[in-house]
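Here the structure is laid out as structure tokens; the discussion comes afterwards.
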Amino acid sequence: MKVVKLEDVLGTEQEVDDGNWVSRRLILKKDNMGYSVHDTIIRAGTETHIWYQNHLESVYCIEGEGEVETLSDNKVHPIKADTLYALDEHDEHMLRAKTDMRMVCVFNPPVSGREVHDENGVYPADVD
Ligand code: 9YT
């Protein structure tokens, strides 16, 4: 069994800062769980274009407030603590944070660790 504490990954390669967000990656591909788990802070006042064409992601908000707009239908979904959204159709979306938002994110397939969004908001299929 493994026990991972947030403090174990802070300041290491498993903490990735993309400007609009900082992702603390607790479980990664190398852990062979079939998914990755991230504790991510989305910074207040930011807007991020995201389109995970190669991954499914569930995002559980545990602190803060913002919204997700799905770009196929321009629907705006308010997100606050205790709300989960699942990108079950590789949904292209805009994520807007009103306050700092703390999100627990699960990716399938797992990310390898250093991924940041490309110009289209995509993570590559595999960076290994
Ligand atoms: C909620 C979201 O998708 N934020 C972007 C960062 C990503 N979740 C990550 O790598 O932790």
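In what follows, every heavy atom counts, from backbone to side chain, and hydrogens, waters and symmetry copies are set aside. No experiment lies behind these values; they were computed from the predicted model shown.
- Around NZ of K30, the count of heavy atoms belonging to other residues, nucleotides or ligands within 6.0 Å exceeds 12.
- Interatomic distance, CG of L87 versus CD of E57, reported as 5.5 Å (0.5 Å rounding).
- L28 CG to S112 OG: the interatomic distance, rounded to the nearest 0.5 Å, is 7.5 Å.
- In terms of modelled atom types and a separation under 3.5 Å, the side chain of Q14 and the main chain of R25 share a donor-acceptor contact.
- Between H77 and Y85, the distance from one ring center to the other does not fall under 6.0 angstrom.
- The line from OG1 of T40 to CG of L95 is 10.0 Å long, rounded to the nearest 0.5 Å.
- When only modelled atom types and interatomic distance are considered, N20 and T48 share a side-chain donor-acceptor pair under 3.5 Å.
- Considering CG of L84 and CE of M103, their distance stands at 9.5 Å, rounded to 0.5 Å.
- Judged by distance alone, with hydrogens and angles left aside, the side-chain atoms of T99 form a donor-acceptor pair with the main-chain N or O of E65 at under 3.5 Å.
- Aromatic ring centres of H90 and Y52: separated by at least 6.0 Å.
- Summarising the geometry of K98 relative to A44, their closest heavy-atom pair is O-CB, 3.8 Å, with the distance given to 0.1 Å.
- Between L6 and L26, the closest heavy-atom pair is CA-CD2, 4.1 Å.
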